[in-house]
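Report on the structure given below.
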Amino acid sequence: MACKRGALIVLEGVDKAGKTTQCKKLVQALQQSGRPAEMMRFPDRTTTIGQLISAYLEKKSDLEDHTVHLLFSANRWELVPLIKKKLEQGTTLVIDRYAFSGVAFTSAKPGFCLDWCMKPDVGLPKPDLVMFLQLSPAEAALRGQFGEERYETSVFQKAVQQKFEQLMKDPSVNWRVIDASQSVEDVHENIRTQSLNAINTAENQQLGELWK
Ligand code: TMP
């Protein structure tokens, strides 16, 4: 490897936990300290597959549940060449949602098991660090109404939270639970510290394969 690789850092969590705000702040802080960093998000609604997903989330179209699950996964796979290239070039990627959201949201639907939901994402680039922004449903409710998109109801979000808790029991993934009820700055400081450790460790490690 010509230069030290960047780290793959993922932020997960239920709605209103502040993932997007924290991703942006982390990228900014890393860049300001001279570390190349970029943000990505899933679903990436800009691709052809992403546009199908976006229409589904906005309830402009209906898709069969297995089909949309596979589209979310395909949306990650289509970005894998870019992810690998950036990491090899030494850029740290901070990603807003990844395969864990994919599994947690679909398996919260009736008739889906965790195992089936994980299969399409087996072998994706493995994050060096996954931070789960923990926020109780009561605290989430204090942050305002849910939006209008599909899945944005408190009943469904509670089911999703339980699925994330199951996924976090997997020791093959480097999970950190972050208390998202603190102030934006305190949460940021916690995330920044964890990320700097992950970046230092990743420099000397090969990129892994998820759930393999
Ligand atoms: P967001 O763009 O506001 O993060 O919302 C994306 C929605 O899609 C959110 O409800 C979580 C859901 N989702 C899935 O169902 N499967 C996935 O693989 C991903 C990444 C998100």
Side-chain angles (χ1 to χ4, degrees), residues 8-27 39-80 82-83 93-127 130-135 137 140-141 143-168 170 173 175 180 210-211:
L8 183 57
I9 296 173
V10 170
L11 266 75
E12 286 282 8
V14 288
D15 268 28
K16 308 237 171 268
K19 286 182 300 301
T20 306
T21 305
Q22 291 296 338
C23 282
K24 286 184 185 158
K25 283 183 79 72
L26 176 58
V27 169
M39 180 173 162
M40 290 178 78
R41 67 178 312 140
F42 288 112
D44 177 338
R45 302 187 192 216
T46 64
T47 70
T48 305
I49 294 171
Q51 283 163 21
L52 292 174
I53 295 171
S54 189
Y56 170 81
L57 289 170
E58 291 170 11
K59 300 178 191 160
K60 290 180 180 157
S61 70
D62 281 322
L63 288 167
E64 193 275 332
D65 287 330
H66 299 78
T67 310
V68 76
H69 181 73
L70 296 173
L71 285 176
F72 272 112
S73 177
N75 185 229
R76 284 182 280 279
W77 280 107
E78 66 178 333
L79 270 305
V80 166
L82 182 65
I83 291 175
L93 295 177
V94 176
I95 309 191
D96 188 349
R97 295 191 193 277
Y98 199 54
F100 314 98
S101 274
V103 175
F105 278 76
T106 302
S107 66
K109 297 178 178 180
F112 284 87
C113 68
L114 227 50
D115 196 44
W116 186 89
C117 293
M118 288 163 83
K119 287 271 154 52
D121 285 312
V122 169
L124 277 179
K126 182 177 175 173
V130 187
M131 288 175 280
F132 183 79
L133 272 57
Q134 182 85 270
L135 194 69
R143 293 186 179 185
Q145 297 285 310
F146 284 114
E148 294 295 310
E149 284 205 331
R150 214 178 277 265
Y151 305 146
E152 294 185 329
T153 67
S154 61
V155 173
F156 194 72
Q157 295 285 324
K158 268 183 209 159
V160 171
Q161 169 99 23
Q162 283 172 0
K163 297 296 176 182
F164 271 123
E165 278 161 20
Q166 271 177 269
L167 284 173
M168 281 190 271
D170 173 7
V173 174
W175 286 99
L210 183 64
W211 294 327

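As a basis for the values below, the full set of heavy atoms in this structure was taken, side chains included, without hydrogen atoms, waters or symmetry mates. Atoms within each ligand, like the ligands themselves, are counted from 1 in listed order.
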Could you walk me through whether Q145 and E152 pass the side-chain hydrogen bond (donor to acceptor under 3.5 Å, both in side chains) test, one step at a time? CA-CA 9 Å; Q145 297 285 310; E152 294 185 329; over 6 Å; no
Return the CD to CG distance between Q51 and D44, rounded to the nearest 0.5 Å.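 With rounding to 0.5 Å, CD (Q51) is 9.5 Å from CG (D44).
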Ring-plane angle category for [X] and [Y], please: parallel below 30°, perpendicular beyond 60°, tilted otherwise.
| X | Y | result |
| --- | --- | --- |
| W175 | F132 | perpendicular |
| F112 | H69 | tilted |
| F100 | W211 | perpendicular |

Is it true that Y98 and K126 share a donor-acceptor pair across their side chains at a distance under 3.5 Å?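 The criterion, which ignores hydrogens and geometry beyond distance, is not satisfied for Y98 and K126.
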Ligand 1: which residues have a non-hydrogen atom closer than 4.0 Å? R41, F42, P43, R45, L57, F72, R76, R97, S101, G102, F105, Y151
